[in-house]
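Here's the structure, in structure tokens; my notes come after.
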Number of protein chains: 2
Amino acid sequence: MSVDKVDTRYLETLVGYNARRAALRIIEAFIARMAVFDLRPVDFSVMSLIHHNPGITSRQLCATLGILPPNLVGMIGALEKRGLIQRERHRIDGRAMSLYATPEGTALMQQAEHEASALEVDQTGRLTAAERRTLMRLLQKVYL
Amino acid sequence: MSVDKVDTRYLETLVGYNARRAALRIIEAFIARMAVFDLRPVDFSVMSLIHHNPGITSRQLCATLGILPPNLVGMIGALEKRGLIQRERHRIDGRAMSLYATPEGTALMQQAEHEASALEVDQTGRLTAAERRTLMRLLQKVYL
DNA sequence: TATTGTTATACTCTATAACTATA
DNA sequence: TATAGTTATAGAGTATAACAATA
């Protein structure tokens with residue numbers, strides 16, 4: 001026999017389960033609304049960090065976002081090919097590459113971040129501003 | 001030039017970013033501590049739902065957990081092969097399969113859920129019990 | 001000797017199309 | 001005609017090993 005209504009009460013006591021479900025919900029909406037910019041969540045994160053940290057290296061991006069170096073190479077290459085970022089050999093450490101947003105990349109990210117922030121408010125519409133701040137603070141207490 | 005310290009302040013204003021980081025942190029610990037039971041997060045979720053919903057169908061599992069049917073088949077097959085669950089043809093709807101935890105599966109899940117709950121407390125050690133309840137409630141307000 | 005970036009490659013996860021048995 | 005489960009397969013995401021250039 002099937003069950004009338006699925007009892008999910010146990011899983012809902014787990015922070016990991018709830019955080020994953022919430023993240024997937026928001027990311028789903030993010031993908032849909034960021035399609036006009038042709039930016040996946042990971043591309044957005046990478047571009048945002050370069051935008052706010054001119055000269056950041058690939059290694060620093062990997063460490064910050066938890067991306068493995070081999071998996072970043074293609075993304076960086078694609079963003080450079082699109083004219084959104086520029087790569088320069090690091091002035092002091094010749095092994096590293098410094099990354100910069102181009103004027104086109106900067107303009108794109110100003111729009112994209114504005115849209116992302118608007119989307120966040122939409123997706124968390126059932127939360128008050130205070131609850132939203134609390135949620136952020138508690139999540140950071142978990143992973144930072 | 002690389003940057004001294006990476007500025008992540010903008011990304012940290014996004015619920016999606018924070019929820020994903022927190023979820024990944026907890027899931028990482030989950031994978032490590034559930035290895036003794038040979039249960040990945042998805043296996044744990046599936047087994048837990050079967051455990052608490054005797055007779056649940058594959059379709060109901062898919063709808064509840066957001067898994068696509070073709071991707072559930074192999075998991076169910078593996079769990080059955082391990083003797084943790086039993087599949088029976090649904091008594092009324094001959095197309096569906098009703099799923100039940102075996103005594104072995106039930107015993108395993110009692111241990112596994114106990115361990116998962118303990119792990120949750122460890123991973124959210126920087127939160128008070130009240131904060132943990134608040135976090136859960138706010139996350140559910142986002143995705144439910 | 002260690003680190004940055006890179007290539008190649010394997011592995012896992014997720015998604016799509018099409019089939020069968022039943023409703 | 002629609003749905004539950006299944007098969008095969010494609011695509012995206014993530015991981016490991018090894019290498020060249022530089023520290």
Side-chain angles (χ1 to χ4, degrees), chain A residues 1-3 6 20-21 23-25 27-28 30-32 34-35 38-46 50 55-81 85-100, chain B residues 1-3 6 20-21 23-25 27-28 30-32 34-35 38-46 49-50 53 55-81 85-100:
Chain A
M1 296 279 274
S2 61
V3 293
V6 179
R20 177 147 201 277
R21 296 303 299 255
L24 288 176
R25 168 68 60 96
I27 289 167
E28 183 183 19
F30 189 97
I31 291 171
M34 287 297 151
D38 195 16
L39 292 175
R40 297 167 303 164
V42 64
D43 299 316
F44 177 89
S45 299
V46 167
I50 296 173
I56 191 172
T57 66
S58 295
R59 165 72 34 173
Q60 287 178 310
L61 278 177
C62 286
T64 305
L65 295 174
I67 301 172
L68 291 171
N71 299 330
L72 184 67
V73 175
M75 301 181 212
I76 292 294
L79 294 172
E80 189 184 28
K81 202 170 181 181
I85 63 169
Q86 232 180 328
R87 299 193 314 160
E88 286 180 19
R89 185 61 65 183
H90 193 284
R91 294 176 198 163
I92 295 155
D93 187 338
R95 297 168 301 182
M97 301 295 289
S98 296
L99 305 172
Y100 300 90
Chain B
M1 294 280 276
S2 61
V3 294
V6 178
R20 176 148 201 275
R21 296 303 299 253
L24 287 176
R25 168 67 61 97
I27 289 168
E28 184 183 19
F30 189 96
I31 291 170
M34 287 297 152
D38 196 15
L39 292 174
R40 297 167 304 163
V42 63
D43 299 316
F44 177 89
S45 299
V46 166
L49 286 179
I50 296 172
N53 298 273
I56 191 172
T57 66
S58 295
R59 165 70 36 166
Q60 288 179 309
L61 279 176
C62 286
T64 306
L65 295 174
I67 302 171
L68 291 171
N71 299 329
L72 184 66
V73 176
M75 302 181 209
I76 292 295
L79 294 172
E80 189 184 29
K81 201 170 182 181
I85 62 170
Q86 231 181 328
R87 299 194 314 161
E88 287 180 17
R89 185 61 66 180
H90 193 285
R91 295 175 198 163
I92 294 156
D93 187 339
R95 296 168 302 183
M97 300 296 288
S98 294
L99 305 172
Y100 300 90

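Only this structure's heavy atoms are used, side chains among them; waters, hydrogens and symmetry mates stay out. Not measured: the values here are computed from a predicted model. Each chain gets a letter, A, B and so on, in the order the sequences are listed, and its residues count up from 1.
- Regarding contacts with the backbone of C:dT6, a side-chain N or O of A:R87 is found under 4.0 angstrom from either OP1 or OP2.
- A donor-acceptor distance shorter than 3.5 angstrom exists from the side chain of A:R89 to the backbone of A:R95, with no hydrogens or angles considered.
- For B:L61 and D:dG5, the CG to C1' distance is 13 Å, given to the nearest whole Å.
- The side chain of A:R95 approaches C:dT3 more closely than any other nucleotide in the set C:dC13, C:dT3, D:dT3.
- Comparing D:dA15, D:dA4, D:dT6 by their closest approach to the side chain of A:N71 singles out D:dA15.
- In this structure, A:L72 places its CG atom 15 Å from C1' of D:dA15, rounding to the nearest Å.
- Distance, B:R89 CZ to D:dG5 C1': 8 Å, rounded to whole Å.
- Atom CE of B:M97 is separated from atom P of C:dT20 by 18 Å (rounded to the nearest Å).
- Here the C1' atom of nucleotide C:dC13 and the CG atom of B:D43 are 13 Å apart, to the nearest Å.
- Residue-to-nucleotide proximity on DNA chain D shows that, of A:V42 and A:D93, the 5′-proximal contact is made by A:V42.
- Listed candidates were C:dT14, D:dA15, D:dT6. Nearest to the side chain of A:R20 is C:dT14.
- Between the A:N71 side chain and the A:I67 main chain, no donor and acceptor come within less than 3.5 Å of each other.
- The interatomic distance linking A:L99 (CG) with C:dT4 (C1') rounds to 12 Å, in whole Å.
- For B:M75 and A:P70, each mapped to the nucleotide of DNA chain C holding its nearest heavy atom, the one lying further toward the 5' end belongs to A:P70.
- If you measure from atom CG of B:L68 to atom P of D:dA12, you get 15 Å, rounded to the nearest angstrom.
- Mapping A:A96 and A:V73 onto DNA chain C via the closest heavy atom, the residue that lands nearer the 5' end is A:A96.
- B:C62 is not listed as a side-chain neighbour of B:L68, based on a closest heavy-atom distance of 4.5 Å or more.
- Between D:dT6, C:dG5, D:dA15, one nucleotide has an atom nearer to the side chain of A:R59 than all others, and that is C:dG5.
- Whole-Å rounding puts the A:I76 CD1 to C:dT7 P distance at 13 Å.
- Under the 3.5 Å distance criterion, the side-chain polar atoms of A:Q60 are left unmatched by any main-chain donor or acceptor of B:V6.
- Dashed line: the shortest gap from a side-chain N or O of B:R40 to OP1 or OP2 of C:dT12 is not under 4.0 Å.
- For the atom pair A:I85 CD1 and A:L79 CG, the distance stands at 5.0 Å (nearest 0.5 Å).
- Checking C:dT6, C:dT14, D:dG5 against the side-chain heavy atoms of A:P69 singles out C:dT6 as nearest.
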